[in-house]
Amino acid sequence: FTERASLGLDVHARSIKAAAIDTLTGELIERTMPSDAGEVMALVAGLRAGHGDVKVSCEAGPTGFELQDLPEEGIACQVAAPSKLLRPSGEWVKTDRRYAILLARLARNNDIVAVRVPTRSREGARDLVRSRADARGDLMTARHRLSKMLLRRGIVYDGARTWTRIHDAWLQRVRRDHVIGVGPSALAAFDDAYDTVVHATARRDRLDEAIAGLYHDGELRPHRQASGLFRGVSVLTAVSLAVEIGDWSRFKGSTIASYFYLGLPSEHFSGTSRSQGLITKTGNTHARRLLIEAAWHHAPAYRPSKANGYWALAPVPVAERADAGNRRLHARYQALTARGKKHAVVATTIARESAGWLWSLATMEPRTSTTTTTGRLNQVRRNHDLTHQTRSPACRGHTGRSVQGAHAHQLWAPRGDARAQTTELPAEEWSCGNQTRVYQTDYASTTHAPHNPADTGERPGGPPIPGQEQGARPTLLT
């Protein structure tokens, strides 16, 4: 805390209770004002004139969104996470005045955990994604209501899949052959339940089309790399995770899972007694649900399909990274299942690890092209042992070694290779968090290079990457 005054705001729909503390004199200034950003700016201007710099603190919630313009006016403002606020356990009286003073004191002591404030466009995209989640729940409820209405009368659908065109035709026959004969009341109830399903389905489809339009938004471009490549991550999941998490680069591969509190059990530790319970299920519930649902897709055998056009469109480093993650998580799923773990425990574990893989895909970005010379190649040979080098957990392959040694194409020219001694080779750098990979475009075509599976599209320990079997391919250098 570097400012002189700390201003706490308890924001409501129609009023704001403000409390400011001067850290030098200890003076407490209190105000009650209408819920308007202009009133807050006027108060801050008065405090600046009489007390110096001011830091504004408010609690995250449905109100106070107009205060996000304060940083544009040069006013330091932070939004506190409600679940992280330190409240006295023995204080049972909560008023607007006391809460505003509490926020001011916590900000003065640097005890506030601030949340990331999304931009207005991101906030709108998040509202759209969560509206789709609500539509999904409403559709499920409407379908259950209709199916259980028929079940009470002993009418059961014998087909393999429900809520398809065949199932819809069956519902029309049931209405004609069974429901009409029961009476007008039953017919009216059936028609209402059926219309609710139709309208909920149309609502969900409209939201899906709107979300598909967000997929091509330039602001979400870094997050499209996982869509269609990583198992269980569709366009909807990729966009939802992008707007829920925001900037992936603010996390690390080892800390991204803590954002969802995935796999973190509840724990009570006192003295020599230690007990663990179920997972906490705190954090972002929407993003955690998406990861858990995506984790179930890693149970079947992994067989990349050439018909998936995403593989051909994706850059080679991204495709190799996604392929390595799919293989790793499938092997992990089978290993945990073989040990007799419960399916829910396995899915939670896979979801926790998949968060790290998705982070690595979202943070991969190309850098400026470089030129690789003999000195660069020799330095790479000296500094990188591809078979024993250890990377961070988010950048490892299924063997626990570096991705380069486990999955990526390895092509190294002999030290006496005349081509490597005399020719400068163009290369492109890709960064993944704090890791950097250098890919070389045309070196694989040289006749001096040793045979490598990259020449034919083969992959060590697996099939070729779909859609990228032919043509020149970048070769991993570092």
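Nothing here was measured: the structure is a model prediction, and the numbers come from that model.
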Exercise for the section: Take E209 and R203 through the salt bridge (charged side-chain N to carboxylate O under 4.0 Å, His left out) test and state the conclusion after the steps. Expected result: CA-CA 10 Å; E209 293 178 0; R203 174 191 172 196; over 6 Å; no
Practice task
Step by step, work out the side chain to side chain contact (heavy atoms under 4.5 Å, CB included) result for L146 and W163.
Solution key: CA-CA 11 Å; L146 178 58; W163 310 113; 4.0 Å; yes
Handout entry: Stepwise side chain to side chain contact (heavy atoms under 4.5 Å, CB included) check, R352 with S354
Key = CA-CA 6 Å; R352 176 181 175 85; S354 65; over 6 Å; no
Practice task
Go through the steps for E353 and R328 under the test salt bridge (charged side-chain N to carboxylate O under 4.0 Å, His left out), then give the verdict.
Solution key: CA-CA 10 Å; E353 187 169 344; R328 156 74 184 183; 2.4 Å; yes
Exercise for the section: Take F230 and R321 through the side chain to side chain contact (heavy atoms under 4.5 Å, CB included) test and state the conclusion after the steps. Expected result: CA-CA 9 Å; F230 208 76; R321 185 67 183 153; over 6 Å; no
Exercise for the section: Verify side chain to side chain contact (heavy atoms under 4.5 Å, CB included) between R143 and T201, making sure each step is shown before the conclusion. Expected result: CA-CA 10 Å; R143 287 175 171 178; T201 303; 4.3 Å; yes
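A 4.5 Å side-chain heavy-atom check between H12 and T63 finds every atom pair outside the cut-off. Side-chain contact between K17 and Y99 is absent, with no heavy atoms from C-beta onward closer than 4.5 Å. Side-chain contact between L103 and L85 is present, with heavy atoms from C-beta onward closer than 4.5 Å. Between E91 and R98 the shortest side-chain heavy-atom distance falls below 4.5 Å. Contact check for L171 versus V197: no side-chain heavy atoms found under the 4.5 Å cut-off. The side-chain heavy atoms of S234 and T237, taken from C-beta on, include a pair separated by under 4.5 Å. Using a 4.5 Å cut-off on side-chain heavy atoms (C-beta onward), R161 and H167 make no contact. No side-chain heavy atom of L139 sits under 4.5 Å from any side-chain heavy atom of R136.
A salt bridge does not link R120 with E123: none of the charged nitrogens is closer than 4.0 Å to a carboxylate oxygen. Salt bridge present: E244 and R130 bring a charged side-chain N and a carboxylate O closer than 4.0 Å. Classification of R204 and D138 as a salt-bridged pair fails, no side-chain N sitting under 4.0 Å from a carboxylate O.
Once rounded to the nearest 0.5 Å, the distance linking CG of N284 with CZ of R288 reads 8.0 Å. Rounding to the nearest 0.5 Å gives a distance of 10.0 Å between CZ of R126 and OG1 of T119. For the atom pair R231 CZ and Y333 OH, the distance stands at 10.5 Å (nearest 0.5 Å). Taking NE2 of H330 as the reference point, atom OH of Y302 lies at 11.0 Å (rounded to 0.5 Å). To the nearest 0.5 Å, atoms CG (L291) and NE2 (H286) are separated by 13.5 Å. Atom CG of L7 is separated from atom NZ of K55 by 12.5 Å, given to the nearest 0.5 angstrom.
Of the N and O atoms on the side chains of S6 and R105, not one donor lies less than 3.5 Å from an acceptor on the other residue.
Panel note: side chain D168, backbone T164; no donor-acceptor pair is recorded below 3.5 Å. Judged purely by atom type and a 3.5 angstrom limit, N110 uses its side chain to pair as donor or acceptor with the backbone of F1. Under a 3.5 Å cut-off, the side chain of R153 and the backbone N or O of M149 do form a donor-acceptor pair. For S273 (side chain) and S270 (main-chain N/O), no donor-acceptor pair under 3.5 Å exists by modelled atom type. In this structure a side-chain-to-backbone donor-acceptor pair under 3.5 Å is present from W359 to F251. Under the 3.5 Å distance criterion, the side-chain polar atoms of R250 are matched with a main-chain donor or acceptor of I245.
Across all their heavy atoms, S240 and V129 have their closest contact at OG-CG1, 3.1 Å. Smallest separation of non-hydrogen atoms from R289 and A133: NH2-CB, 4.0 Å. Of all non-hydrogen atoms in A80 and I112, the two that sit nearest each other are CB-CG2, 3.5 Å. Between A212 and V235 the shortest heavy-atom distance is CA-CG1, 4.5 Å. Considering every non-hydrogen atom in both W296 and A344, the closest pair reads CH2-N, 4.2 Å. The minimum heavy-atom distance linking A299 with Q334 is given by the pair O-NE2, 2.8 Å.
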